[in-house]
Structures are given as C-alpha cells and as structure tokens.
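Below: the structure, in structure tokens.
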Amino acid sequence: MTALLEVEGLTTQFPGARGALSIVDGNDLRVERGEVLALVGESGCGKSMTALSLMRLVPKPGRIVAGQVRLEGRDLLELSVTEMRRVRGRRIAMIFQEPMTSLNPVIPVGDQVIEAIRLHESISRSEAKKRCRDLFVEVGIPDPEERLDAYPHQLSGGLKQRVMIAMALSTRPDLLIADEPTTALDVTIQAQIIRLLRDIQRDRGMSILLITHDLGIVNELSDRVAVMYAGRIVETGSRSQIFREPAHPYTRGLLRSNPTLAQPGQRLPEIAGVVPSPEEWGAGCRFATRCGDRFDLCDREVPDLLEIGDHRRTACHAIESGSARGGQS
C-alpha cells in the first residue's frame, strides 16, 4: 500500500557566503497511516526545517530546490499556492515549538480556533464554536466554556499548548506534525501533553511526525525513528531496533548520553564536539569529526543511506566496511 506521506530527495537551500547551503540535504522519509514517526537529533540538525519544508513554509530567502513530498501519492511541491493552502491545516496540521508565539495575543483563544475551523469548512460560527468547545474538552482544557474567551496571556504554558493541539485537530487532519511539542513546558506538564498526544493518536488513528531531541518522548510515543544529523538522515528503523541495537555511531552516542536511559551512579558519556554549522560541512561524512569509528574514507565521501537489515537503513562507511566498533563515539 502507498504510505500516507512519502518524501524523496527533499533538499532545501539557503544562500551562504560561498554559495547555496543545503540545510535539508536529499532526505527520504516515509510515514505510514496510523503510525508515529519520530525525527530525532540535536538542535541545529535540520529537523524543524524539514517540517517547514513539508508544509511549504520555508522562510525566505530559503527555498526547496529538489525532491518530492507525496501525500497519498500527490506531490505537494507541484501544487499551486491556493491548492497547498487547502492541504495545509486540513490534511496536514502542525504544532509549533512555542505556543505563545503561535497564538495572537490580542484575540481570545476560542476565536482563533473558530477562525481556523471556518477557514477550511463552510459552517456557521455557532457550529464552529460548538466544535471548538468539544475540542477543548477532548484535549483536557478545564472549564472549556470560560476558556473560549481567555486571552493567551491568561493561560499557562500547558494550556496554551493544549489550545494549539485543539487548533491542529480542528479540521481532522490525516497527519499531525508536532515540532518539539513539550520544549517550553515543565516535566509534569510534558508528561501530560505526551499522554494526550498518545491518546488522541490512538483514538483518531491519525499519523504523527514527532520532531524532538528527547529520547524519552521518542521511546514513549514512536513506532519508528529517523535520526538526523547536519541536514541528513543517518539512520532509520523501528523504535525497538534503534533503542536496542543502534547502528550509526551518532545514534549510539545519543542513546549513551541521554540521562533518562543512563545507569544510576555512572558518569554520563557525551558526544565530543558540537553539530557543525552548514558553512563547516566538508566533502565527507558530517559526523566524522566527532566519531570514534572514523577512517580516511569518512573525510572524502558522504556515505549513502543503505539497507542493513529488516526495514533498517544507516549511512556509515564503517558499517559498510565492517569496521564499526560500536564503542564510545
């Protein structure tokens, strides 16, 4: 069967001092119907830009220069602006990182959700208001009738995020893109939002593309995982494959350095160095400068994303050559 979303060769560029820089560099993704795919990586790896590219919301002067983004076989990159607006919000919805900057501060939150509903459906304001109230109940907003008239500054961070989730769900999308949906929230509220997303996904049977650097959230929510580093996908697999037998040195480093997965009483390992900026990307593997499996070829050629097992792919010269050590990166 055709996947709900199929992405092939997606490339998004921004101008740089020495020419165009591919912030999203020839990536493939596949989201099946009813599954949660987690896109994982450190800050600066290109995860959010990937999401904006899928929605065709890349900020100028950036632009999508290559690839296909097929929703049920229909390439979104070939749609007109008007056609894409019908898809955006209705078929694919997105929850952004910071709810406070996504909500209009001078309009009651209920009116904002009602407007989103009526933008995509020809229904009366009273019908849209009733649906908004029902959505507030569904996402766990207390006193939903009163909250309809509340302004964003009158709500806590957790309630603002629930409003954003209600808005995203208002048109019953097939795919929800959740970009770091718990970043600005405290731990208790984070857990509530994760449970909410899990329950909604199960009840509605929709697909979710979860973008995060938090492996604890990935372990709790996702079915499959795609690991991204410096603009490129470096490993994909099921959640159990990634967590039990990580193949790529970067994936292994992420798992070892995650506090929620570390052994109590032991020093927490780290991945030495930082994610290079696009201007620093060389001709070879972009993780090479931080990798314990590095050898000469890594500095010369970018590794291809190849099949290494049952529905698993990774991009690593050391794995191709059989010289990966699987040790400290």
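Basis for what follows: all heavy atoms, side chains included, without hydrogens, waters or symmetry-related copies. We count residues from 1, following the sequence as given.
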| request: Would you mind reporting whether P61 and Q13 have side-chain heavy atoms less than 4.5 Å apart? | output: no
| query | Heavy atoms, side chains only, cut-off 4.5 Å: are I319 and D293 in contact? | reply | no
| Will you find, in the side chains of S22 and T11, an N or O donor that is under 3.5 Å from an N or O acceptor? | no
| task | Please say whether more than 12 non-hydrogen atoms of neighbouring residues, nucleotides or ligands are located less than 6.0 Å from CD in E245. | result | no
| field | V69 reachable from V31 in the ILVMFWY side-chain graph, under 4.5 Å edges | value | yes
| Only one of R204, R133, R162 forms a salt bridge (charged side-chain N to carboxylate O under 4.0 Å, His left out) with E138, so which one is it? | R204
| query | Is the shortest distance from a Lys or Arg side-chain nitrogen in R70 or E8 to a carboxylate oxygen in the other one below 4.0 Å? | reply | yes
| said: Can you confirm whether F287 sits close enough to P249 that some side-chain heavy atom of one is under 4.5 Å from a side-chain heavy atom of the other? | reply: yes
| field | Sub-4.5 Å side-chain heavy-atom contact between Y151 and I107 | value | no
| said: Is it the case that atom CZ in R198 sees more than 12 heavy atoms from other parts of the structure closer than 6.0 Å? | reply: yes
| task | Report the C-alpha separation of I114 and R125 in whole Å, then their side-chain angles, then the decisive distance to 0.1 Å, and conclude whether the side-chain contact (heavy atoms from CB on, under 4.5 Å) test is met. | result | CA-CA 7 Å; I114 290 169; R125 178 176 171 81; 3.7 Å; yes
| Hey, mind stepping through I193 and I165 against side-chain contact (heavy atoms from CB on, under 4.5 Å) and telling me if it holds? | CA-CA 9 Å; I193 295 298; I165 294 172; 4.1 Å; yes
| said: If you define the side chain from C-beta out and look only at heavy atoms, does anything of L54 sit under 4.5 Å from L209? | reply: yes
| Does the distance from a Lys or Arg side-chain N to an Asp or Glu carboxylate O, for R286 and D25, drop under 4.0 Å? | yes
| I95 versus I177: any side-chain heavy-atom pair under 4.5 Å? | no
| Test applied, salt bridge (charged side-chain N to carboxylate O under 4.0 Å, His left out); reference residue, E35; option that passes from R224, R30, R202 | R224
| said: Under a 3.5 Å distance rule, please check whether E6 uses its side chain to pair with a backbone N or O of L29 as donor and acceptor. | reply: no
| query | Side-chain donor-acceptor pair under 3.5 Å between R290 and Y229, yes or no? | reply | yes
| query | Can you list the steps and then say if L37 with D223 is a side-chain contact (heavy atoms from CB on, under 4.5 Å)? | reply | CA-CA 6 Å; L37 173 67; D223 299 304; over 6 Å; no
| task | Using modelled atom types only, decide if a donor and an acceptor are shared between the side chain of T251 and the backbone of P246 within a distance under 3.5 Å. | result | no
| query | If you round to the nearest 0.5 Å, how far is CG of L254 from CD of E42? | reply | 6.0 Å
| message | A side-chain contact here means heavy atoms from C-beta on lying under 4.5 Å apart; do L21 and P15 qualify? | response | no
| task | Output, in order, the C-alpha distance, side-chain angles, deciding distance and verdict of side-chain contact (heavy atoms from CB on, under 4.5 Å) for Q68 and V7. | result | CA-CA 6 Å; Q68 293 183 321; V7 180; over 6 Å; no
| Does E220 reach the main-chain N or O of I217 with its side chain, forming a donor-acceptor pair under 3.5 Å? | no
| said: Students often mix this up, so state it plainly: with edges at 30° and 60°, are the rings of H248 and Y250 parallel, tilted or perpendicular? | reply: perpendicular
| request: Report yes or no: do L169 and I92 belong to one cluster of Ile/Leu/Val/Met/Phe/Trp/Tyr joined by side chain heavy-atom distances under 4.5 Å? | output: no
| Expected output: side-chain T182 to main-chain L185 donor-acceptor under 3.5 Å | no
Acceptor/donor pairs from residues 295-309 side chains to any protein atom, 3.5 angstrom cut, sequence neighbours excluded:
| from | atom 1 | to | atom 2 | distance (Å) |
| --- | --- | --- | --- | --- |
| D299 | OD1 | R294 | NE | 3.1 |
| D299 | OD1 | R294 | NH2 | 2.9 |
| D299 | OD2 | R294 | NH2 | 3.4 |

| Side-chain H-bond candidate by donor/acceptor type, S257 with E270, under 3.5 Å | no
| request: Would you please say whether a donor-acceptor pair under 3.5 Å links the side chains of S80 and T82? | output: no
